[in-house]
2 protein chains.
Amino acid sequence: MIQNLTEHDREQLQEALGKSGQKVTPQREAVFTVLLAQRDHPTVDEVFQRAREVMPGLSLATVYNCLETFVGCGLVRQVNHERESTRYCPNLAPHAHFRDKATGRVHDIELPPEVLKSLRSILPPGFDSEVIEISFHGRAQSGEQTSN
Amino acid sequence: MIQNLTEHDREQLQEALGKSGQKVTPQREAVFTVLLAQRDHPTVDEVFQRAREVMPGLSLATVYNCLETFVGCGLVRQVNHERESTRYCPNLAPHAHFRDKATGRVHDIELPPEVLKSLRSILPPGFDSEVIEISFHGRAQSGEQTSN
DNA sequence: CTTGCGGATTAGACTCATTCTAACTGATTA
DNA sequence: TAATCAGTTAGAATGAGTCTAATCCGCAAG
């Protein structure tokens, strides 16, 4: 069910944590593994449930801590929709999110550089943006599977 | 401080509420007035404080109810940023939001139709979006005053 | 070894925006 | 007048997220 990390993924984890002076711990590895295993934008609670299967003693607080750490060192992105629980996404490429009204599922939508650029261009002078979040809300025909 | 509604604004309120079978009440009028008087994307609590000056008996629950009603009949938009308190915005033209890291203030950014169109175009077939939310996060040079 | 240190983890208490509930109000209808 | 019904109200309940204080664990110094 939940595979171990590949060499590559473990290196990515190690490098990102190392850069911000933090260590790879079993808990962090477990949480990261869970994120990569099923790229469906899980909530903290879902991550918690899944990680528990692998590491039963893991606490919710630690899941919060791990995810915060990952966000801090750029390993994962937070996805917020309205005021629902925050979700987490290990896709680092620039992308938008599509929230399916019917299922609640979140799909990643690739964001071509030229669209990103045209978006940036609408900012009046003096506004300097580091982060742009784009989210769609609507219906996806069932069968659509942008699992990422 | 808080002006009364103009004829035009009162009509807008009446029409929007009427369309969804609801009435203009003193509380709703007060809340709407507050929203129009200071277009700084107030939180529920801020609306509550301001409306109280005009209608001291007003309850927080009612402010929640009024705002929900307004959103439901398309009179105002909700603005969410990360997991902070929801803010409200009576600007109905399509626009993005810019959240100033330093001050926490939210500015409206005009959204040209062609940019909106290019955004829609990135959706794969089968995805049909009703709402698009775009929010920037960064720094605005002090002095920038997009109060809307 | 064993001691001490510091970051990581843990359980549980706490916060606070929002939602829910049940009682009340006041206008309108029967 | 009584019944009805949307709207309002105060306060309780919810629940995601944060904080706190105690514990754990790996490691470097003695």
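To find a chain, count down the sequence lines: A is the first, B the second, and so on, and within it residues start at 1.
A search for side chain to side chain contact (heavy atoms under 4.5 Å, CB included) contacts involving A:Arg28 returns A:Leu17, A:Gln22, A:Thr25, A:Cys66, A:Thr69, A:Phe70, not counting sequence neighbours. Contacts of B:Lys117 classified as salt bridge (charged side-chain N to carboxylate O under 4.0 Å, His left out), with partners at least two apart in sequence or in another chain: none. By the salt bridge (charged side-chain N to carboxylate O under 4.0 Å, His left out) test, A:Lys101 is found to be paired with B:Glu130, residues two or more places apart in sequence or in another chain being considered. Residues passing the side-chain hydrogen bond (donor to acceptor under 3.5 Å, both in side chains) test with A:Glu11: none are found, sequence neighbours excluded.
Rounded to whole Å, the distance from CZ on A:Phe48 to C1' on C:dA11 is 11 Å. Distance B:Glu46 CD to C:dT18 P: 11 Å, rounded to the nearest Å. Rounded to whole angstrom, the span from the CD atom of A:Glu82 across to the P atom of C:dT19 amounts to 11 Å.
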Which donor-acceptor pairs under 3.5 Å do the side chains of residues 57-65 of chain B make with protein atoms, sequence neighbours left out?
| unit_1 | atom_1 | unit_2 | atom_2 | d |
| --- | --- | --- | --- | --- |
| B:Ser59 | OG | B:Ala61 | N | 3.4 |
| B:Ser59 | OG | B:Thr62 | N | 3.3 |
| B:Ser59 | OG | B:Thr62 | OG1 | 3.2 |
| B:Asn65 | ND2 | B:Ala61 | O | 3.4 |

Sugar-phosphate or base contact per nucleotide [nucleotides 7-19 of chain D; S, B, -; heavy atom under 4.0 Å]: SSBB-----SBB-
